[in-house]
Engineer: 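Let me begin by handing over the structure; questions about it come next.
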Amino acid sequence: VDPAATPASRRVEGFDTLPAYVKLMTYGMSCEPTLANDEMVRGQMNLGWCSALTARRVLRQPKCVTHQLMGIMLLAQRRCGDATQLAALTRGLQDRIEDEMSLDIVMRDEYLQRVLMLYWTGVPEQVKPVWLRRVLRAQQPDGSWRYDAQWTTPAPDEPGDVVTGFHATAQGMLIVALALQQAAVQGR
């Protein structure tokens, strides 16, 4: 995605019906001043948008922090909004992701997103080696990525309700690319 590209329409049709995180991402991609006034966009401009309780986020809002961080990342890339506020919010959300990873060890979509967002937002040192190993073990022989659709992870030799697909595979590939890039920078 070209970070310098400008969306053809700054206010998408049906904006008012979009989920909150999509509204923030739309604002992040367009930097349209009128979108900044949307109640859902304004709400996501603070750390209190997602629950303060880590366990509650993991159980009830498992993608809240990663989606919020993605929108904030888009805003920062576009230099839209107060840079100091965005940097502080980014750091707070990165720390929340690290807390969530300590409670949620099941390889699900959220797991992939959390690891990805730590790399993508510039804090690869917060990614623990065990988290990266879990991501790598989730790659299938055909190159796709899998994650468990249920709350429990089956033993390696047990059948499970396993999902593979574009979404998980794209995230897995990007994690590997960013991890390899980080290793090259560190001379490993």
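Numbering starts at 1 and runs along the sequence shown. Values below: all heavy atoms of this structure, side chains included; hydrogens, waters and symmetry mates excluded. All figures in this text were calculated on a predicted structure; none of them were measured in a lab.
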Engineer: From Leu86 CG over to Leu74 CG, what is the distance, rounded to the nearest 0.5 angstrom?
Structural biologist: 11.0 Å
Engineer: Please check this pair: side chain of Gln68 against backbone of Gln44, looking for a donor-acceptor N/O pair closer than 3.5 Å.
Structural biologist: yes
Engineer: Given the rule that I, L, V, M, F, W and Y join up when any side-chain heavy atoms are under 4.5 Å apart, are Leu69 and Met25 in one cluster?
Structural biologist: yes
Engineer: For Asn46, is there any backbone N or O sitting under 3.5 Å from a side-chain donor or acceptor partner on Gln85?
Structural biologist: no
Engineer: Under the side chain to side chain donor-acceptor pair (under 3.5 Å) rule, collect the residues that match up with Thr90, sequence neighbours excluded.
Structural biologist: none
Engineer: Could you list the residues that satisfy salt bridge (Lys or Arg N to Asp or Glu O under 4.0 Å) with Arg57, not counting sequence neighbours?
Structural biologist: Glu100
Engineer: Could you list the residues that satisfy side-chain contact (heavy atoms from CB on, under 4.5 Å) with Pro129, not counting sequence neighbours?
Structural biologist: Arg133
Engineer: Going by disulfide bond (SG atoms under 2.5 Å apart), name the pairs with one or both residues in residues 61-129, residues two or more places apart or in two chains.
Structural biologist: Cys31-Cys80, Cys50-Cys64
Engineer: Look only at the side chain of Arg96 and the backbone of Ser51, and say whether a donor-acceptor pair between them is shorter than 3.5 Å.
Structural biologist: yes
Engineer: Is the shortest side-chain heavy-atom distance between Leu132 and Ile175 below 4.5 Å?
Structural biologist: yes
Engineer: Show every disulfide bond (SG atoms under 2.5 Å apart) that has at least one partner inside residues 84-142, sequence neighbours left out.
Structural biologist: none
Engineer: What residue pairs, at least two apart or across chains, pass salt bridge (charged side-chain N to carboxylate O under 4.0 Å, His left out) with a residue in residues 63-74?
Structural biologist: Lys63-Asp109, Lys63-Glu110
Engineer: If you define the side chain from C-beta out and look only at heavy atoms, does anything of Lys23 sit under 4.5 Å from Phe15?
Structural biologist: yes
Engineer: Between the main-chain N or O of Gly143 and the side-chain N or O of Gln139, is there a donor-acceptor pair closer than 3.5 Å?
Structural biologist: yes
